[in-house]
Student: 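This is the structure, below, for whatever I ask next.
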Amino acid sequence: MPIIKTENLTYTYSQGTPFEKTAVDNINIEIESGEFVGIIGHTGSGKSTLIQHLNGLLKPTSGKVYIDGQDIWESKEITKAARFKVGLVFQYPEYQIFEETVYKDIAFGPKNMGLSDDEIDKRIKETARIVGLGEDLLNKSPFELSGGQKRRVAIAGVMAMEPQVLILDEPTAGLDPKGRDRILDQIKLYHEEKKRTVLLVSHSMEDVAKYSTKILVMNKAKVFCYDEPPMVFRRAEEISQMGLAVPQITKVFNALKEKGFNIAEDVYTVDYAKRKFLQYISARKEKS
Amino acid sequence: MLKDITIGQYFPGKSFVHRLDPRFKIIITAFYITLLFSAKEMIGLFAGIVYLVAAFLVSGIPFKMMLKGLKPIVPIIIFTSILNLFFIDGIVVFRLWILKITDEGIKMSVFMVIRIICLIAGTSLLTYTTSPIALTDAIERLFSPLKKLKVPVHELAMMMTIALRFIPTLIEETDKIMSAQKARGADLETGGLMQRAKALVPILIPLFVSAFRRAEELALAMECRCYHGGEGRTRLRQLKSGWADYVSLGITLFFLDAVVAINCFF
């Protein structure tokens, strides 16, 4: 059974006014438990609206959302439970920090779940380790930390709730490349250690390509495709036409193909490209 | 939910009323308010209604917008009409236990309700047809004689402009923070008064923090562009008045005179 399933999900902003706008249009997706899904799309393609439906923050104009096979709008209790099952980290999450200490801020979510103090303490220590916050930072005021550290505190605040699905909306926006890789690696670590489903919204094809087991491409409020990365990048041409940047390595290999070197069509990571390239070279050597 | 609040409810357009000089619009609105309060009889108020309807028709603001502007003051309208209905002496027409309704009371409450509606609708026409920036500009110009008395008119107007500019931003920000805390399981909708007040802490603190951060950034940006107050500052868009402004003012004064005259004769 898929952990997340949407059925004809449609959402219209400001319905009945001149400003009416359909942000997501008839979306049908099924996400299996344990996947690392990269969600990618243009600004205004409906990514953020879609993910806010998955934990019941927005109510669909029409259509259904199922978490664990349960319609999340069936009753108030189920909607509330869905908020704990699906953890959502917003864009620039450091702006939601409010407590006096890092420790207390990470504890906010687990406390709302009604967990025992011991359990909360255990979870805070564990998530602090995953996101790479030293124990000495836990008793500091979050407002003294650097931007990247604050961001990791905010992400830890949601991770500590140990949701079955963790959704992150552009967790790397505004960070330098080092900070970006660090956070993405930590998210990957969480995915592997906890075996939980992760949905990562991003602008960067590169990031999505590197970490995802599946990719969801959104275009103009609709799902363009939802598939494994090699299958998605076979359609690199269409994706670039949409205005999304495909990974640089894919571009290189497409350019090589135009020059008559058809090495592989489904290249999207450097490692894979290297392997394919070496295979190609050695095959050519054998021929000659 | 928070998006429904409209402050600085400018409704863009290109009508005659939109194009009037904002300084004149403020003066005209002041005269209109004077008109409403100098009307002592229903017939005087009727002139006020005619004037208002005409102004709305010319401005092209949909009737629905006007009703929307009245919504927040419905409690005030009900409250004043009830007060007037029961506490004015006159010939009793209806009695229930110790409550009595008199003919004067009915007359008075209808009169007050119409006056309040005209007042709000008339002043909201000003904000509907004038962008907040134009409005503060006009206020600055109208009050500029006070500079002689060392009143920091320009600075006050700048503060107003900034405040108006940031209302939508802060509303959006509040919305975002609320969603983020809800996603962390914050319960904003249930519980007693104390619990609800406590639930606001996770929203108010980030909101204040970001408001201060924005203020600091804006101050820095203004300083970088050598902003140093009003002295010697010129404008890209100069306020200009024309015949349309004088005609409108004339019409308004005519109505005001008419109402005063009506008071004398009836």
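Letters A, B, ... are given to chains in the order of the sequence lines, protein chains preceding strands, and every chain is numbered from 1. Reckoned from all heavy atoms, side chains included, excluding hydrogens, waters and symmetry mates.
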Student: How about B/Leu67: does its CG atom have over 12 heavy atoms from other parts shown lying under 6.0 Å from it?
Tutor: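 Count over threshold, so yes.
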Student: Heavy-atom count around A/Lys188 NZ within 6.0 Å, excluding the residue itself: above 12?
Tutor: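 Counting other residues, nucleotides and ligands, NZ of A/Lys188 exceeds 12 neighbours.
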Student: Which value, rounded to the nearest 0.5 Å, describes the distance between A/Phe98 atom CZ and B/Ile203 atom CD1?
Tutor: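 One finds 9.5 Å between CZ of A/Phe98 and CD1 of B/Ile203.
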Student: Please flag which part of A/Met161 lies under 4.5 Å from any non-hydrogen atom of chain B: side chain, backbone, both or neither.
Tutor: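 Contact with chain B is through the side chain of A/Met161 alone.
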Student: Taking atom CZ of A/Arg182 as the centre, does the number of heavy atoms from other residues, nucleotides or ligands within less than 6.0 Å exceed 12?
Tutor: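 No - once you tally the heavy atoms of other residues, nucleotides and ligands closer than 6.0 Å, there are 12 at most.
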Student: Please determine, among A/Asp105, A/Val158, A/Leu58, the option with the most heavy-atom pairs under 4.5 Å with chain B.
Tutor: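 It is A/Asp105.
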Student: Tell me whether B/Glu217 at atom CD has more than 12 heavy atoms from other residues, nucleotides or ligands lying less than 6.0 Å away.
Tutor: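 For B/Glu217, atom CD is crowded (more than 12 foreign heavy atoms under 6.0 Å).
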Student: At a 4.5 Å cut-off on heavy atoms, which part of B/Ser179 comes close to chain A: side chain, backbone, both, or neither?
Tutor: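 For B/Ser179, backbone and side chain are both near chain A.
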Student: Is the number of heavy atoms from other residues, nucleotides or ligands under 6.0 Å of A/Glu100 CD greater than 12?
Tutor: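 No - once you tally the heavy atoms of other residues, nucleotides and ligands closer than 6.0 Å, there are 12 at most.
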Student: Has B/Phe31 got more than 12 heavy atoms of other residues, nucleotides or ligands less than 6.0 Å from its CZ?
Tutor: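 Count not over threshold, so no.
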Student: Rounded to the nearest 0.5 Å, how far does CD1 of B/Ile205 lie from CZ of A/Phe143?
Tutor: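 Interatomic distance, A/Phe143 CZ to B/Ile205 CD1, rounded to 0.5 Å: 7.0 Å.
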Student: Which residues in residues 80-95 of chain A have a heavy atom less than 4.5 Å from any heavy atom of chain B?
Tutor: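 A/Lys80, A/Arg83, A/Phe84, A/Leu88, A/Phe90, A/Tyr95, listed by number.
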Student: Between CD of A/Gln52 and NZ of B/Lys182, what distance do you get to the nearest 0.5 Å?
Tutor: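 A/Gln52 atom CD to B/Lys182 atom NZ measures 9.5 Å (nearest 0.5 Å).
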Student: Are more than 12 heavy atoms from other residues, nucleotides or ligands located less than 6.0 Å from atom CZ of B/Phe79?
Tutor: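 Open: at most 12 neighbouring heavy atoms sit under 6.0 Å from CZ of B/Phe79.
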Student: Looking only at atom types and distance, does a side-chain atom of A/Gln96 sit under 3.5 Å from a main-chain N or O of B/Gln181, one as donor and one as acceptor?
Tutor: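 It does not hold such a pair.
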Student: Under 3.5 Å, side chain of A/Asn112 to main-chain N/O of B/Asp187, donor-acceptor pair present?
Tutor: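 Answer holds: no.
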